[in-house]
Each structure stands twice: as C-alpha cells, then as structure tokens.
Amino acid sequence: MRNSKPTKPKGTRDFGPAQMAKRMYLLDIIRQTFRKYGFLPLETPAMENLSVLTGKYGDEGDQLLFKILNSGNYLSKVEGDPVTYDAQSLLPKIAEKGLRYDLTVPFARYVVMNRNEITFPFKRFQIQPVWRADRPQKGRYREFLQCDADVIGTKSLLCEAEIIMMLNEIFARLGLEGYEIAINNRKFLTGLSAYLGQPNRENDLCVAIDKLDKIGQENVYQELTTKGFSPEALTRLSPVLAVSGTNEEKLQALTAVFSGTPEALTGLNEVQELLGLVKGMEGNLATVNFDPSLARGLSYYTGIIFEVRMLDGSIGSICGGGRYDDLTGIFGLPDMPGTGISLGIDRIYDVMEARALFPEQVSGSTSAMVVNFGDENLAFALAAIARLRKAGISSELYPDKAKMKKQLTYANRNNIPLVIIAGAEEVGANKVTIKNMLTGAQTTIAAGNLIATVNAMLEKN
RNA sequence: GUGGUUGUAGUUCAGUUGGUUAGAACGCCUGAUUGUGGUUCAGGAGGUCGUGGGUUCGAGUCCCAUCUUCCACCCCA
C-alpha cells in the first residue's frame, strides 16, 4: 500500500481565503455594476448536451470541449470493436454531454427553451466557470470564470453604448487604468472582404488582420497571400490598415474609401452612431478606440464587436464580445438579435495583483476571538460569543483548550484584530480583558461593557 | 493540436567532469514565557531528488518514456 501525493488537473487552480477575498471584491463590483445597468442574474448547468455545444465555436472550438463519458457501461452502444473507430465517430456513441465552453451558447439555449416566459428585450448577467481543453499558458486556464452580460431581443445600438458605459464604470471602480476598449464592426469587415474582390472570405481575412499588432503588416500580407488573396487585393487593403488618427479621423477616411461599398458603410455608420450615443450618456470616449483591424474569432458575431486590452500588452484581452444577430437561429428561434460581453476575471485579477490595485482591507478577516480556557470559563465564553454574534460582530471561540500562546498565534495568523481573554481571574471579578493584536495593548473592563467596547475598538481600527 | 522548457525539504532555490551521510534561506514544531501572538535567543523535525524504466562498480547529475510547470504558435477570457 503506497500513498501517492494528491494532484490537481492541469490548468486548474485552488483559491485560498486570501485570494478569495480579492476575487469576491472584484466580483462584487462587477455584479453591482451589472445590476445597476438593469441586468438580471441567470445560472445554467455546468454541463450541456453535446448537441447544444458542438458546431458553435468552429472546428477548433469543438476540439477544446471537455466531453463527459456516458454513465454505466458506456461501450455497450458501440457496435463492433471500439478500437476500429476513429475518435470522431466513436465520440457520439460514448458521450452525450460536455462541460460548457462559454456562457453565451447556454444562454441562447435558455432563451429558446423559455421564449414564452421571457419578456423581451431580456437583459441578463451570468457569472460562472467555463472549461476549455486548451493548453494552459500565462493568463490561460482550463477552468476559468467568465462574467457575461447580454441583451437579447433588440437591435438597438443603445445596448452597445451601455456596454461601453458599463465597462468604463467597472474599470474605474477597480482603479484600473491603461486599457482600451477596441471596437469594430463585422459588417465593415464583410464589406472589406467584398471590396478586396474576395467576398465571403472575411473569416480568413479577419484571422489574418487581427494579428496586425502582433506580427506586423508584412507577415499579415504573407499569410493572406498563402490563403489566396491577390496582390491587387493587398494593395487595396493597405490604406485600410494604415489608417490612423482619432476615431473621427479614421471613420472619415474610411468612409471616403468605401463610398461604393454599402455594407462597409453601414458598419462605419454604426460605429459613428455608437460613439455619439456614448457621448450623449457622458461616457468616457478616451478609452474607446475604433480599430478597423479588430476581428475576433467567434463566428457568430454579426455587428459591433468589442475587445478590452491593456495598453502595456502584459496579458491577452480581458474582455471580449459583440453583436450576434442570429445566435438562437440554430436552435430554431430566428430573428433574435442580441449583443453581449464577457469579462475574464482571472486576467483582470492578474493585472490588478501585478499593479497592487487591491485595497488593503479586502482581507475580510474575523473581528474577534474568544480565548478558550476550558471549564474555567466555558459558560462565560459561550455567552460572550453569543452576544458578539447577536451584535453582528464576526467572531469565533477557539475550539480547544489550548495554550494561550497557541490561541494567540492562531488569532495573529488569521489577522483577527481583537482577542477576548476571560479566565478564572476575570470571570471571578465579572470582567473581561480585550487585547488589541495590532498594538499589543490590552484593557480589562466590566463584562457588561464587552459589546460596546469591542464596537468602539473596531470602529477605531 | 505543433514546437520548446521545467521538476531537488512546506516555499524559493544551491548541488562542481557521474563518486561517501543531498545543502541554504525562509517557513514549521518545541522551549526560554505552566495566562499573552507579531520581535529576539536556543534546539528540533522534515527529502525513496516528479514517476517508471535503462546505461554504469556507482546516477539528483547521462539516456528513453510518462506526467507536471512555464513559454511560443494555433485559438482565446
């Protein structure tokens, strides 16, 4: 018999109390802001049927789905020898469920299944973990928490404008600076593709130009050439990639170039209109950057798309999203336009940690500990802890009659600021001693003044 | 999925061309202080060197496999 050391699956993390305090601080701000903008909470199961998940994220996405083996004798439905199957044809026979890959598709499923109960437009937010069988890397995990806010059932650009307002508000409250909200429009990209003489090739086009910041123009052109884009197309593309200046200047310049391409113009006009709406709501436009090379991979986007990134490039995008005008169509409910965003709180956490942006007092420790002297003070200690809790003071009684040294060490390690000491000496005189662990000072007071004194001392800290 | 990288006490890391009993710092435990933590001092525990094979008289050190870590690509939060 040999004990093996326990391990944790690749790309997963534990969050101890110290990390949780910070995560909850972050989540509280996001949750409050979502609610402030009228979004309602929703949760869906960790697992979905594979029929719901597959085919929504492209071939690459399907590869990254975690599949759940059927219960029981899962090989019984396989005809013949399983070894003769390839993975793709064997899969549907042995697995019919998978872990969710994002929150948008489960949301679409929910909307379709509950279309008669939902009042549209429907605004919901959802904060739950998602799983991807990706190879872990910096800021990239196999299990991570997404914070989504979506509006479904309206084509109004006001939704996009509110998303920008909301993002700015969240980052302002977190004290996070040095980010940009990049925006673009899929319609513009579709028009661009046509303009280049390669209609319906916007996917390949997007994948390539999305990398502009990273690999430079030359490499983008090389990639496009290998994908069959002609030299003429690249010549027509270059003024688009080279466009610079303020958002207004970029829009103006591109509007002139695309005067003969209606779809691209529609896209540009929407961007223009969106910026106007944000301005009208007194939003901060300094963080908003119209980036005609922003593409985003997920194929369901059809309108304005977003991406939030740190200007120092320290980490991948911390938020992504966009408009999808027909997400529920694949589930048999057409004409259900929507738009939404997803915040990656694991990455935001990493950035905030690196910049020491978490406030000191997020630790959320217990306020007071009562020292356990055993029978000597059991009755008194029980009454004291009850009174403290009735008064709303987070407190605990050390569970064992241990040495005072050990009990104080415990309080110290857990950042408990006040320790209540009442042994035979104090109990006999109907008094208690309160020790302030920060200063080391301690006072002995009448037992009846315990709550008032503790409150006063906590107030001061 | 492709290419690379990493693994030695709880943690961060040393460990010479392969050579006795694998080290340090911090942390942890005990005591100085039988009712006082955080500072100080004294002492102590803790490692089949990621795992499994191989080469060798001899492997933490070399080779293979596997897992893990981190990174780039793909893609993405």
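Residue numbers begin at 1 in each chain, while the letters A, B, ... track the order of the sequences.
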Under 4.0 Å, counting only non-hydrogen atoms across every strand here, what does [X] touch: a base, just sugar-phosphate, or nothing?
{"X": "Cys319(A)", "result": "sugar-phosphate"}
{"X": "Lys211(A)", "result": "sugar-phosphate"}
{"X": "Gly321(A)", "result": "nothing"}
{"X": "Gln146(A)", "result": "sugar-phosphate"}

[N] [atom2] sits how many Å from [X] [atom1], rounded?
{"X": "Gln63(A)", "N": "C73(B)", "atom1": "CD", "atom2": "P", "result": "20 Å"}
{"X": "Tyr141(A)", "N": "U68(B)", "atom1": "OH", "atom2": "C1'", "result": "16 Å"}
{"X": "Arg140(A)", "N": "G1(B)", "atom1": "CZ", "atom2": "P", "result": "13 Å"}
{"X": "Tyr301(A)", "N": "C75(B)", "atom1": "OH", "atom2": "C1'", "result": "13 Å"}
{"X": "Lys56(A)", "N": "C76(B)", "atom1": "NZ", "atom2": "P", "result": "17 Å"}
{"X": "Asp134(A)", "N": "U69(B)", "atom1": "CG", "atom2": "C1'", "result": "16 Å"}
{"X": "Asp148(A)", "N": "C76(B)", "atom1": "CG", "atom2": "P", "result": "15 Å"}
{"X": "Leu167(A)", "N": "A77(B)", "atom1": "CG", "atom2": "C1'", "result": "13 Å"}

Between [X] and [Y], a side-chain donor and acceptor under 3.5 Å:
{"X": "Thr444(A)", "Y": "Thr433(A)", "answer": "yes"}
{"X": "Arg124(A)", "Y": "Gln126(A)", "answer": "yes"}
{"X": "Arg13(A)", "Y": "Gln19(A)", "answer": "no"}

Point to revise | Inter-nucleotide P distance (U51(B), G10(B)), Å rounded | key: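 It works out to 13 Å between them.
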Practice item. Taking atom P in both G58(B) and C70(B), compute the distance separating them and give it to the nearest angstrom. Key: 37 Å
Are the side chains of [X] and [Y] in touch, meaning some heavy atoms are under 4.5 Å apart?
{"X": "Asn168(A)", "Y": "Thr287(A)", "value": "yes"}
{"X": "Phe331(A)", "Y": "Lys56(A)", "value": "yes"}
{"X": "Asn184(A)", "Y": "Phe290(A)", "value": "yes"}

Look through every strand shown and name the nucleotide pairing with [N] as Watson-Crick or G-U wobble, where both distances are under 3.5 Å.
{"N": "A42(B)", "value": "U30(B)"}
{"N": "C13(B)", "value": "G23(B)"}
{"N": "U36(B)", "value": "none"}

Practice item. Would you indicate which nucleotide in C75(B), C71(B), A77(B) comes nearest to any side-chain atom of Ser317(A)? Key: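 When the side chain of Ser317(A) is considered, A77(B) is the closest of C75(B), C71(B), A77(B).
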Exercise for review: Please work out which of the three classes, parallel, tilted or perpendicular, describes the rings of Phe358(A) and Tyr349(A), given edges at 30° and 60°.
Suggested key: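 Rings of Tyr349(A) and Phe358(A): tilted, as their planes differ by 30° to 60°.
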Exercise for review: Would you mind checking if Glu162(A) and Lys123(A) are paired as a salt bridge, meaning a charged N to carboxylate O distance below 4.0 Å?
Suggested key: yes
Review point. 5'-most contact on RNA chain B: Pro136(A) or Val308(A), nearest heavy atom basis?
Key: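 By nearest-heavy-atom nucleotide position, the 5'-most residue is Pro136(A).
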Review point. Can you give one letter per nucleotide of nucleotides 31-38 of chain B, going 5' to 3': B for a protein heavy atom under 4.0 Å from the base, S for sugar-phosphate only, - for none?
Key: S---BBBB
